[in-house]
Amino acid sequence: MSDDAGSASRKFRSHALIELALIIALGLYLFAAQEQVVGENLVFTVTGAALMALVTYWTLNTLRDGLEVIALRVRH
């Protein structure tokens, strides 16, 4: 069982690092978007929407992994 906890912990750490990279990318996108009008450049707008959707999905996935780590630690 401790191998499950170690595996879940490693997976959570890697997902958290990816989460951090995605949040930085979103921040850079929002910084670049300050001078843009929404919908003026369709490719830019769609890219932002896709990035926001990906960050939301990845955040929920990372939270699930974190809850799994907590559950495995509480069980032992």
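Count residues from 1 along the sequence.
Heavy atoms only, all atoms of each residue included: Val69 and Phe12 are closest at CG2-CB, 3.9 Å. Counting all heavy atoms, side chain and backbone alike, Tyr29 lies closest to Leu51 at CB-CD2, 3.9 Å.
Atom CD1 of Ile24 sits about 10.5 Å away from atom CD of Glu19, to the nearest 0.5 Å. Distance OG1/Thr47 to CE/Met52: 10.5 Å, rounded to 0.5 Å. For the atom pair OG1 (Thr56) and CG (Leu26), the distance works out to 8.5 Å, reported to the nearest 0.5 Å. Atoms CZ and CG, on Arg64 and Asn61 in that order, are 4.5 Å from each other to the nearest 0.5 Å. Distance CG/Leu67 to CG/Leu72: 11.0 Å, rounded to 0.5 Å.
No more than 12 heavy-atom neighbours from other residues, nucleotides or ligands sit within 6.0 angstrom of CD on Glu35.
Following chains of ILVMFWY side-chain contacts shorter than 4.5 Å, one can reach Leu20 starting from Leu28, so the two form part of one hydrophobic cluster. Cluster membership for Leu30 and Phe44, using ILVMFWY side-chain heavy atoms within less than 4.5 angstrom, is shared.
Of the possible polar contacts, none joining the Trp58 side chain to the Ile23 backbone as a donor-acceptor pair under 3.5 Å is found.
With 3.5 Å as the limit, one finds a donor-acceptor pair spanning the side chains of Arg13 and Ser9.
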